[in-house]
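Accompanying notes for the structure given below.
To find a chain, count down the sequence lines: A is the first, B the second, and so on, and within it residues start at 1. Heavy-atom basis, side chains included; hydrogens, waters and symmetry copies ignored.
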Number of protein chains: 2
Amino acid sequence: MSRIGLTAQRKLILDIVSEASDHPTASDIIDRLKLQGQTVAYATVYNSLRYLTDQGLIRELKLEGDASRYDARMEDHQHIVCTSCGRVDEVMTEIPKDWLRQIEAETGYSITEEQLLFKGVCAECRTSNNKAVQ
Amino acid sequence: MSRIGLTAQRKLILDIVSEASDHPTASDIIDRLKLQGQTVAYATVYNSLRYLTDQGLIRELKLEGDASRYDARMEDHQHIVCTSCGRVDEVMTEIPKDWLRQIEAETGYSITEEQLLFKGVCAECRTSNNKAVQ
DNA sequence: CCCTTTATTTAGACTTAGTTTAAATTTAGA
DNA sequence: TCTAAATTTAAACTAAGTCTAAATAAAGGG
């Protein structure tokens, strides 16, 4: 029985996710590793991201687009994406407990997790009369 | 300027999505077309799904797994997925308005859309002492 | 109606994101 | 040190979806 914990590769990847504020994709992470002059195999990046997710050290997010994004903020929170510029911000406001209880009553499920994605236009895009996606 | 509306292929696909209660994927839809003895090109299924989504006739859902799912119920609603058996149900309970206003205040966004995914264990899985994902 | 233009469908090549495989390497611990 | 288990690696592979260019269908003006 071994309890290796963080290998060098996993640590590198955890550090990148922890220091990022933009919820990077696997491919973003590969780019940043290259910028640091590190070479980590493609599959190792994916394996490590799964390992870190399973260990509860990071979270996998499926937001817009095809590629999963990763987030090292583990406090309970949700996300909001700007339909105009694409930035993703954190939503820290807690989900109303009585609303969750209402949903459990309606559906018969016992809820264990919530993945909430809000979309809208961020303050910057609203002020800079950017008429993109509105 | 032409306003063709529904071609034969698009109508076939809309009917499949409308009659389904299981949020089918593109590949599910291709299977069901084959079962009906219809042949619609692969790319046409994707093109049609996008067209129908753009026209507001169906909704694209990104739930668990890699493939998008499609839903013809257009009333404002959300989804809940059972972590034990994988079934997906609709959540009709409305999002508390004051909570949304709170999030707008916190983030500075003006919210235009919500994609909320709840996870939990459905009533059936709980009673049939299925210990899978708990 | 016929002709031209525009939209749609089609097959198949291609892309992107991620998984699998099997060998090589590393690590842990007896 | 030696062995067994875990991890990393490169490369092949898979799944989901997009793109391209040609073929077909439909619309509208004359």
Side-chain angles (χ1 to χ4, degrees), chain A residues 1-17 20 22-34 36-55 57-71 81 86 88 115, chain B residues 1-17 20 22-34 36-55 57-71 81 86 88 117:
Chain A
M1 210 172 296
S2 57
R3 188 89 310 125
I4 287 197
L6 288 181
T7 61
Q9 291 88 338
R10 289 169 180 173
K11 183 73 168 61
L12 279 172
I13 289 164
L14 176 59
D15 286 348
I16 286 174
V17 178
D22 61 345
H23 311 87
T25 62
S27 135
D28 292 334
I29 291 166
I30 290 168
D31 291 346
R32 291 172 202 185
L33 284 167
K34 279 199 192 120
Q36 293 180 8
Q38 302 287 350
T39 50
V40 177
Y42 193 67
T44 301
V45 174
Y46 283 99
N47 290 341
S48 299
L49 287 169
R50 178 158 33 198
Y51 170 90
L52 294 169
T53 303
D54 289 348
Q55 296 297 307
L57 298 171
I58 64 177
R59 281 214 290 168
E60 180 182 12
L61 308 177
K62 299 200 172 191
L63 308 178
E64 297 297 274
D66 302 321
S68 286
R69 296 179 165 274
Y70 295 88
D71 187 349
V81 53
V88 178
Q115 283 182 9
Chain B
M1 209 171 292
S2 58
R3 189 87 311 124
I4 288 200
L6 287 182
T7 61
Q9 291 87 340
R10 288 170 181 172
K11 182 73 170 58
L12 280 172
I13 289 164
L14 175 58
D15 286 348
I16 287 175
V17 178
D22 62 343
H23 311 87
T25 62
S27 135
D28 293 333
I29 291 166
I30 290 166
D31 291 346
R32 291 173 204 185
L33 284 168
K34 280 198 194 124
Q36 295 180 8
Q38 303 287 349
T39 49
V40 177
Y42 194 66
T44 301
V45 175
Y46 283 100
N47 289 342
S48 300
L49 288 169
R50 178 155 35 196
Y51 171 89
L52 295 168
T53 302
D54 289 349
Q55 296 297 308
L57 297 172
I58 63 175
R59 282 215 288 167
E60 179 182 12
L61 307 176
K62 299 201 172 193
L63 308 177
E64 297 299 272
D66 301 323
S68 286
R69 296 179 165 274
Y70 295 88
D71 188 350
V81 53
V88 178
L117 178 61

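- Taking 4.0 angstrom as the limit, R50(A) places a side-chain polar atom (N or O) nearer than this to OP1 or OP2 of dT19(C).
- Contact annotation: Y46(B) side-chain N/O to dT18(D) OP1/OP2 distance is not under 4.0 Å.
- At a threshold of 4.0 angstrom between heavy atoms, the contacts of S68(B) are confined to the sugar-phosphate backbone, with no base atom among them.
- Salt bridge status for D54(A) with R50(A): absent, with no side-chain N to carboxylate O gap under 4.0 Å.
- The base of dG17(D) is paired with the side chain of Y42(B) by a donor and an acceptor separated by under 3.5 Å.
- Residue whose closest nucleotide on DNA chain D sits further toward the 5' end, between N47(B) and D66(B): D66(B).
- T7(B) has no side-chain polar atom (N or O) that falls below the 4.0 Å cut-off from OP1 or OP2 of dA7(C).
- Rounded to a whole Å, the OH atom of Y51(B) is 12 Å from the P atom of dA7(C).
- If you measure from atom CG of L6(A) to atom P of dT8(D), you get 10 Å, rounded to the nearest angstrom.
- If you take CG of L61(B) and P of dA16(D), they are 16 Å apart, rounded to a whole angstrom.
- As rounded to whole Å, 14 Å separates atom C1' of dT9(C) from atom CD1 of I30(B).
- Taking atom CZ on R10(A) and atom P on dT26(C), their separation rounds to 15 Å, with Å as the unit.
- Rounded to an integer number of Å, the gap from I13(B) CD1 to dG17(D) P is 13 Å.
- Rounding to the nearest 0.5 angstrom, the gap separating the CG atom in D15(A) from the CG atom in L6(A) is 8.5 Å.
- Closest to the side chain of A26(B), out of dT20(C), dG17(D), dT8(D), is dG17(D).
- When the P atom of dT8(C) is taken as reference, atom CG of L52(B) falls 12 Å away, rounded to whole Å.
- For Q9(A) and dT26(C), the shortest distance from a side-chain N or O to OP1 or OP2 is not below 4.0 Å.
- No donor-acceptor pair under 3.5 Å is formed between the side chain of D31(A) and the backbone N or O of D28(A).
- Side-chain polar atoms of N47(B) and T44(B) form no donor-acceptor pair below 3.5 angstrom.
- When each of dT7(D), dT9(C), dA10(D) is scored by its nearest atom to the side-chain atoms of T44(B), the top-ranked nucleotide is dT9(C).
- Counting any heavy atom pair closer than 4.0 Å across all strands shown, A67(A) reaches sugar-phosphate atoms only and no base atom.
- A straight line from NZ of K62(A) to P of dA17(C) spans 13 Å, rounded to a whole angstrom.
- If you take CG on D71(A) and CD on E60(A), they are separated by 11.5 Å, rounding to the nearest 0.5 Å.
- Out of dA11(C), dT8(C), dA10(D), the shortest distance to the side chain of A41(A) is found at dA10(D).
- Across all strands shown, dT1(D) is found opposite dA30(C) as a Watson-Crick or G-U wobble partner, with both distances under 3.5 Å.
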